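The structure presented is a predicted model; accordingly, all values stated were derived computationally and were not measured. Each ligand, and each atom within it, is numbered from 1 in the order the structure gives.
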Amino acid sequence: MSEHEPLRLVVLISGSGSNLQALIDAQSAPGSPFRIAAVISNRLDAFGLERARRHAIPTAVLDHRDYPSREDYDTALGALIDRFTPGLVALAGFMRILTPELVARYRGRMLNIHPSLLPKYRGLHTHARAIEAGEREHGASVHFVTAELDGGPVVLQARVPVRPDDTPECLAARVLAREHRLYPLAVRWFAEGRLKLADDGAPRLDDQPLETPWLLED
Ligand code: GAR
């Protein structure tokens with residue numbers, strides 16, 4: 001058992017929430033250093049909300065269509081997140097661009113998972129773009145969130161081969177399976193105090209600069 005209170009984690013989703021499920025499964029392990037305090041979605045129909053409810057995790061929906069501007073939405077989102085007093089905010093398929101103000105509010109305590117080997121293929125349709133470019137290798141990355149879209153310092157990655165007959169769908173499934181191992185590991189390291197963002201903006205693992213992302217092996 002951890003001698004400390006588990007870190008309070010708020011997870012932001014927009015869709016299926018399979019990465020959320022991986023975090024839910026990980027928090028059930030004995031002595032988990034984190035606990036999901038809330039799941040917030042910008043979409044009422046996100047299946048991840050159902051996943052959270054099944055585990056009695058508090059949920060909230062904040063629909064971006066109810067706000068006149070991105071700034072107004074993110075102000076409300078920040079206030080909602082703060083109600084759950086998180087030690088860490090995890091973006092898990094939260095398909096919104098965040099304002100610099102919201103990102104600054106959670107500097108060093110907001111992670112994102114992205115389905116590519118960053119800095120390659122920021123943004124959308126990463127699997128199709130990797131296939132189109134003839135990549136032999138693709139993967140997923142966990143990074144601290146900064147104001148630059150998918151541009152914050154990468155802390156962990158997992159690689160998968162791209163096969164000659166891959167479609168974007170089957171490549172996505174292979175990457176997603178790795179994401180489900182990657183994200184709980186990153187969150188656990190953060191919760192254990194092993195993973196940090198230093199004042200100079202560089203990530204550190206076990207008090208050592210993480211000059212290249214830590215690579216999850218098979
Ligand atoms: C995941 O592949 C995640 O990496 C991606 O959305 C999917 C969400 O799946 N995120 C992004 O593309 C963010 N730029 P999930 O809802 O099943 O976890």
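In this structure, Ile113 has a heavy atom closer than 4.0 Å to ligand 1. Using a 4.0 Å heavy-atom cutoff, Gly17 is listed among the residues neighbouring ligand 1.
A donor atom on one side chain and an acceptor atom on the other are not found under 3.5 Å apart for Arg70 and Thr99. Counted by atom type alone, His138 and His127 present one or more donor-acceptor pairs between their side chains at under 3.5 Å. A donor-acceptor pair shorter than 3.5 Å can be found between the side chains of Ser16 and Arg51.
Among protein heavy atoms, atom 2 (O) of ligand 1 sits closest to Glu179 OE2, 2.9 Å. The shortest contact between atom 18 (O) of ligand 1 and any protein heavy atom is with Asn19 N, 2.9 Å. Distance from atom 15 (P) of ligand 1 to its nearest protein heavy atom, with residue and atom name: Ser18 N, 3.4 Å.
Using a 4.0 Å cut-off between a side-chain N of Lys or Arg and a carboxylate O of Asp or Glu, Arg105 and Asp74 do not qualify as a salt bridge. For Asp45 and Arg43, the salt-bridge test passes: some basic side-chain N is under 4.0 Å from an acidic carboxylate O. For the pair Glu50 and Arg53, the salt-bridge criterion is met [side-chain N within less than 4.0 Å of a carboxylate O]. A salt bridge is defined here as a Lys NZ or Arg NE, NH1 or NH2 lying under 4.0 Å from an Asp or Glu carboxylate O, and Asp218 with Arg159 fails to meet this definition.
Within the listing of ligand 1, atoms 6 (O), 8 (C), 10 (N) sit less than 4.0 angstrom from a heavy atom of Gly93. Residue Leu176 approaches ligand 1 through these ligand atoms, each under 4.0 Å from one of its heavy atoms: 1 (C), 2 (O).
The residue among Ser16, Pro115, Gly123 with a heavy atom at the shortest distance from atom 5 (C) of ligand 1 is Pro115. Closest heavy-atom approach to atom 13 (C) of ligand 1 within the set Arg96, His127, Met95, Arg51: this belongs to Met95.
Of the possible donor and acceptor atoms, none in the side chain of Tyr67 sits under 3.5 Å from a partner among the backbone N and O of Thr75.
Contacts between Leu124 and ligand 1 below 4.0 angstrom, taking non-hydrogen atoms only, are absent altogether.
Of the N or O atoms in His114, one or more lie within a sub-3.5 Å distance of an N or O in ligand 1.
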